[in-house]
K.L.:
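Below you'll find the structure I mean.
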Amino acid sequence: QVTLKESGPGILQPSQTLSLTCTFSGFSLSTYGMGVGWIRQPSGKGLEWLANIWWDDDKYYNPSLKNRLTISKDTSNNQAFLKITNVDTADTATYYCARMGYYGSPYFDYWGQGVMVTVSS
Amino acid sequence: EIVLTQSPTTIAASPGEKVTITCRASSSVSYMYWYQQKPGASPKPWIYDTSKLASGVPNRFSGSGSGTSYSLTINTMETEDAATYYCQQWSSTPLTFGSGTKLEIK
């Protein structure tokens, strides 16, 4: 059974760094072809892809936020991480992590429940 | 960046009605992927590789298309199909989503 769960600070202030953790089970990020991505969704709005990390530590970022994003993983503990620096109110959203690659196609086949993050002074 | 434009933005359909949602890409993509999202829930994979139904998706759904034009079709609308549907591509980085189509019951 594949599960993913996001965790984060809940609320933080502008200019701080947002640190998110995705803890997953039912698959391994050391398995060939496997990846985990981060996607966010402001309340009432659409989905925005942020970054992906792959089993071989290859990383892809959304260029619109690239300089602010860092994705990483801890394979032994089945976790993936995302850091976003210098946050502002526009970063307020629900953040999801999701699995990609099991079927060899670039789509997210399992999603976490999401974690709400509010940036406010 | 490949921009995905979904139409319509909102649509209301009666039970039993046929529904088609379109996703147009600003450049050609190899495959299109679709997700269903209901309020307060995470997106669910719905259609992958343009026309394959994800696990558990009723066969009244279908997907088709090529190049820059793709569609999701519901053969006979049911109340449980009311949701927002998003298309997604990753033929070119960055991965992009369409802005969503909200499907309501009439």
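Residue numbering restarts at 1 for every chain, and letters A, B, ... go by the order of the sequence lines.
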K.L.:
Which atoms of A/M116 come close to chain B, meaning under 4.5 Å heavy atom to heavy atom: side chain ones, backbone ones, both, or neither?
P.N.:
neither
K.L.:
By number, which residues in residues 69-81 of chain A have some heavy atom less than 4.5 Å away from chain B?
P.N.:
none
K.L.:
Can you establish whether the number of heavy atoms outside A/K59 located under 6.0 Å from its atom NZ is more than 12?
P.N.:
yes
K.L.:
Are B/Y48 and B/I74 grouped together when hydrophobic residues (ILVMFWY) are joined by side-chain heavy atoms under 4.5 angstrom apart?
P.N.:
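Cluster IDs for B/Y48 and B/I74 differ.
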K.L.:
Are the side chains of A/F108 and B/L95 in contact, using a 4.5 Å heavy-atom criterion?
P.N.:
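They are in side-chain contact.
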K.L.:
More than 12 heavy atoms of other residues, nucleotides or ligands under 6.0 Å from CZ of A/R68: yes or no?
P.N.:
yes
K.L.:
Check whether any side-chain heavy atom of B/Y31 sits under 4.5 Å from a side-chain heavy atom of A/P106, and report yes or no.
P.N.:
no
K.L.:
Identify the residues of residues 37-46 of chain B whose heavy atoms come closer than 4.5 Å to a heavy atom of chain A, ordered by number, or report 'none'.
P.N.:
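Counting heavy atoms that sit under 4.5 Å from chain A, the residues of residues 37-46 of chain B involved are B/Q37, B/A41, B/S42, B/P43, B/P45.
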K.L.:
Counting only heavy atoms closer than 4.5 Å, note whether B/Y35 contacts chain A via side chain, backbone, both or neither.
P.N.:
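Contact with chain A involves the side chain of B/Y35 alone.
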K.L.:
Answer yes or no: does atom CG of B/N59 have more than 12 heavy-atom neighbours from other residues, nucleotides or ligands under 6.0 Å?
P.N.:
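Atom CG in B/N59 is not crowded, with 12 or fewer foreign heavy atoms closer than 6.0 Å.
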K.L.:
What is the ring orientation for A/W49 with B/W90, classed by angle as parallel under 30°, tilted 30 to 60°, or perpendicular over 60°?
P.N.:
tilted
K.L.:
Is it the case that one hydrophobic cluster holds both A/M34 and A/L4, taking links as side-chain heavy atoms less than 4.5 Å apart, direct or via other members?
P.N.:
yes
K.L.:
Count the heavy atoms of every other residue, nucleotide or ligand shown that sit under 6.0 Å from OH of A/Y61, and state whether that count exceeds 12.
P.N.:
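Above 12, so yes.
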K.L.:
According to a 4.5 Å side-chain heavy-atom criterion applied to Ile, Leu, Val, Met, Phe, Trp and Tyr, with indirect links allowed, do A/V117 and A/V36 form part of one hydrophobic cluster?
P.N.:
yes
K.L.:
Quick one, B/Q89 and A/Y107 - any side-chain contact, counting heavy atoms below 4.5 Å?
P.N.:
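They are not in side-chain contact.
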K.L.:
Identify whether A/M100 and A/V2 are in the same connected component of the hydrophobic contact network (ILVMFWY, side-chain heavy atoms under 4.5 Å).
P.N.:
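Yes, it is one cluster - the side chains of A/M100 and A/V2 are joined through contacts under 4.5 Å.
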K.L.:
B/V29, B/F97: one ILVMFWY side-chain cluster at the under-4.5 Å cut-off?
P.N.:
no
K.L.:
Quick one: OH on B/Y86 to CD on A/Q41, what's the gap to the nearest 0.5 Å?
P.N.:
4.5 Å
